[in-house]
Amino acid sequence: MLTGMNVYIKFQLTGQRRHHFCSLMLMMACAACDTSDAATDVMAAVDTSRYRDTGSGGDVTEAFPVDAGGGRQPDGGALDSLASDIPDRVCRPGTRWSAGVTAFKDISLEAGLRDMKINGIRLSAADINGDGLPELVVRNHSPGNRDDFSEGGARRTFLLLNEGGMKFSDITQASGFTTARDGGEGRTTMIVIFGDVDNDGDLDIFSGVNSADPAKDTGDRSEVLLNDGIGGFTLAAGGDIRHPNTNMPTSAAAFLDFDLDGYLDLWVGYDVSGQAVQPDRLYKGDGTGAFTDWSAVAGITTVDWTTLEVLNEGRGHRRSWGVTSCDVNNDGVPDLLSSSYGRYFNGLWLSDGAGNYIDSALSSGVGADQRVDWSTNLNAQCYCSLAPAADGCADVPGPPDYFPCSSASSLRWNHSQDRELFRLGGNTFTTACGDLDNDGDLDLVNFEIVHWDVGDTSDPTEILINDGFGRFERPGADATGMTRSFESVAWDAGDMTGGIFDFDNDGRADIYVGSSDYPGTRGILYHQESDGRFQQVPIEYGIDHARSHGLAIADFDGDGDLDVAVGHSRGRCSGDPSCLPSLEVHLFENVLGQDGNAVQIQLEGGPGTNRSAVGAKVTVTAGGITQTQEVSGGYGHYGMQNDTVLHFGLGTACDVDSVEVRWPNSQLPIDTYTEIRANYRVVLRQGAADVSYEPFNPASR
């Protein structure tokens, strides 16, 4: 139980979330000697028109802790939920996908996405106004043009308000989301991730822009936008992240709290500016919306591409087309990953727990796989057949008959460099973190582009299994079941985006691969079977979406399962009948999981912890299965983000034995909750014994 005194103020709130009232509750703490009329006073003081009904279909009693001093012990402890707050038990038979069962339905038309002509290939989801329904943010990759909000004007950026019932409306202009620093509108943005930068109880935004091409530079720079609590945004100072006088090729970003001081920081990836590869950077936040480049202080240093020694040792700058932050070595401090394009090594910086980072890309197995036989590359085989006396060519086999081999100049092969280790990795766009085997540590999935002519040295999309200490093994597609078949010998895997989530609520994580930009590419949904292997879900039962690029996963209708929004790319569309007329965004409603058991965990950080609890690690035990997830501050290629509310499928279990929360706090506090009901959204506040419940939306069932 907690030490010190806690005052609990309860009131009825019809179908609404409660967290915008926390600051008001704190202000009232000084008058907590007599709380008999607290509910009346609070409701009289609040403008309830700012909140919308979530459709939960009834009043929800919620409890708010007001810390009156004393706090909690730094090592945490068991926090039994208040008996009066435990709602009725809800029990369902459980769901599990099997062949022939439909899991998703395309409801893009019903959601209004087609009527509004929403277009884009970069997606994020977050609840920006605190009503419990996640919004959807869409943007496309067209640089050099601001949004034109006049009638019929070209649009590239969309902030879509979730109205409930799987309906969305466009609030981009009204929200101030694309207000420009020069006073104009339609500011360019390509990366959108969310976190509570100023710890005021709502989600703010990092809006990144790739302005590397001077000919397409609108003058817009990467920005931080602060939320007013109801979904209105204003530009913050930004600080070093803006690079106002430089055309920075920002390509990815993730919020984290690397120094555990309670303020969100930023891990940002960069691509090529002109001919120079830019280093990734770690920025320290001060809680106001200003950030300072902290890379060198934290030991995150790479160098220009100068010598083969530098490159083969992985010390060169990366073309980072994705970044990710999660705690892979279980020390309570976020680690840093970068997804590198160009067959170069991926990055992993492990925290030493004292504010410093150690380059562990090659020693951990994250940098690249062990397949380094360059002679399997068809281009190399052709080159050696044309120049048999060249270095290393004596034992290289000739190319197959189907591979054109006429002149060395037509080959994708540089014989002096492409045999080096730094050119035998992958084209990694996204790295996702998740506990795939339910052993308590975070595994990885790398999403990669691979071309048919490169042989077996180009790293494919695959699972990396964590040993618990930040060292990884790659069991391979045959062992995990993630094998791919292609109709032609000339094929391309365009896996640039993807995610980890439990779509059928069976308690095992599944994987979605977004493959795009080449003929025949499409989204692929993999279901994890009971033996830990993955089975591909046929498109007629899963997600039928060609050229899938961009992903946002959330319970958009609040019914207790995870829905999926995806974009559509028209890259290299010539001659490909699967290309749609525009960069359409499609929304797929989960029609299976709502009949299963699940629990959703929403966290609120307390003193010393960022309010949105980015980096918190949550462990749920139910029905003999223990699952672990971490609250993400964005990840992957051009900043994907799923809802910050964590979703745990529970299989046939109707009761949660325990929930353990390790908060991102310098004292490493751990709270353990017992007697938690399944089939509710549960709000847990750091160090507080009270638990708030809200039922899943019955209108969606």
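None of these values were measured; they are calculated from a predicted model.
- For the pair Leu264/Ser612, a side-chain contact is recorded, criterion being any heavy-atom separation below 4.5 Å from C-beta on.
- When each of Asp170, Thr178, Leu123 is tested with Phe158 by the rule side-chain contact (heavy atoms from CB on, under 4.5 Å), just one qualifies, namely Asp170.
- Pairing each heavy atom of Asp304 with each of Val310, the nearest pair is O-CG1, 4.0 Å.
- Remark: Asp198 engages no residue in a salt bridge (Lys or Arg N to Asp or Glu O under 4.0 Å) (not counting sequence neighbours).
- Side-chain atoms of His568 come within 3.5 Å of backbone atoms of Leu580 as a donor-acceptor pair (strictly under, hydrogens ignored).
- At distances below 3.5 Å, at least one donor-acceptor pair connects side-chain atoms of Arg139 with backbone N or O atoms of Arg122.
- For the pair Asp492/Asp517, no side-chain contact is recorded, criterion being any heavy-atom separation below 4.5 Å from C-beta on.
- Ion pairing of Arg371 with Glu462 is present here, as a side-chain N (NZ or NE/NH1/NH2) and a carboxylate O approach within less than 4.0 Å.
- Each of Phe429, Phe447, Tyr270, Tyr344 was evaluated against Trp321; a single residue qualifies, Phe429, per the ring pair (Phe, Tyr, Trp, His ring centres under 6.0 Å) test.
- The environment of Tyr263 atom OH is sparse: at most 12 non-hydrogen atoms of other residues, nucleotides or ligands sit within 6.0 angstrom.
- Lys617 contributes a side-chain N or O that, together with a main-chain N or O of Asp327, makes up a donor-acceptor pair within less than 3.5 Å.
- Contact between Arg474 and Asp459 at its shortest, heavy atoms only, is NH1-OD2, 4.0 Å.
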Mind running side chain to side chain contact (heavy atoms under 4.5 Å, CB included) on Tyr512 and Ser548 for me, showing each step along the way?
CA-CA 10 Å; Tyr512 181 78; Ser548 177; 2.8 Å; yes

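- A side-chain donor from one of Asn247 and Arg221 sits under 3.5 Å from a side-chain acceptor of the other.
- When atom types are taken as modelled, the side chain of Thr376 and the backbone of Gly455 share no donor-acceptor pair closer than 3.5 angstrom.
- A donor-acceptor pair under 3.5 Å is absent between the side-chain atoms of Asp196 and the main chain of Arg611, judged by distance alone.
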Evaluation steps, side-chain hydrogen bond (donor to acceptor under 3.5 Å, both in side chains), between Ser515 and Asp495
CA-CA 4 Å; Ser515 189; Asp495 305 351; 2.9 Å; yes

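- Looking at Asn312, its side chain never comes within 3.5 Å of a backbone N or O of Glu420 through a donor-acceptor pair.
- A salt bridge does not link Asp280 with Arg318: none of the charged nitrogens is closer than 4.0 Å to a carboxylate oxygen.
- The nearest pair of heavy atoms linking Leu551 to Gly498 is CD2-C, 3.3 Å.
- With a 4.5 Å cut-off on side-chain heavy atoms, Arg343 and Asn427 count as touching.
- Proximity of a side-chain donor or acceptor of Thr428 to a complementary backbone N or O of Thr430 within less than 3.5 Å is not detected.
- Asn162 places a side-chain N or O within 3.5 Å of a backbone atom of Phe556 that can act as its donor or acceptor partner.
- We find that Asp271 and Arg319 are joined by a salt bridge, their nearest charged nitrogen and carboxylate oxygen being less than 4.0 Å apart.
- For the 3.5 Å distance criterion, the side chains of Asn446 and Thr431 qualify, holding a donor opposite an acceptor.
- Side chains of Tyr341 and Ser251: a donor-acceptor N/O pair is absent below 3.5 angstrom, by distance only.
- Looking at Asn210, its side chain does come within 3.5 Å of a backbone N or O of Ala212 through a donor-acceptor pair.
- At a threshold of 4.5 Å between non-hydrogen side-chain atoms, the residues Ile128 and Phe194 count as touching.
- Here the closest non-hydrogen pair linking Gly470 and Leu348 is O-CD2, 4.0 Å.
- Judged by distance alone, the side chains of Ser207 and Arg187 do bring a donor and an acceptor atom under 3.5 Å apart.
- Between Arg547 and Ile121, every side-chain heavy-atom pair lies at or beyond the 4.5 Å cut-off.
- Taking each heavy atom of Ala554 and Asp643 in turn, the nearest pair found is CB-CB, 3.8 Å.
- When the salt bridge (Lys or Arg N to Asp or Glu O under 4.0 Å) test is applied to Arg281, the partners found at least two apart in sequence or on another chain are Asp293.
- The main-chain N or O of Phe258 is found under 3.5 Å from a side-chain atom of Asp265 such that the two form a donor-acceptor pair.
- In this structure, Tyr357 has its ring center no closer than 6.0 Å to that of Trp349.
- Taking 4.5 Å as the limit, some side-chain heavy atom of His415 sits within range of a side-chain heavy atom of Trp374.
- Outside the 6.0 Å centre-distance limit, the rings of Phe345 and Phe422 are not counted as a close aromatic pair.
- A 4.5 Å side-chain heavy-atom check between Asp228 and Thr234 finds every atom pair outside the cut-off.
- Residues Asp335 and Val333 are not in side-chain contact: their nearest non-hydrogen atoms beyond the backbone lie 4.5 Å or more apart.
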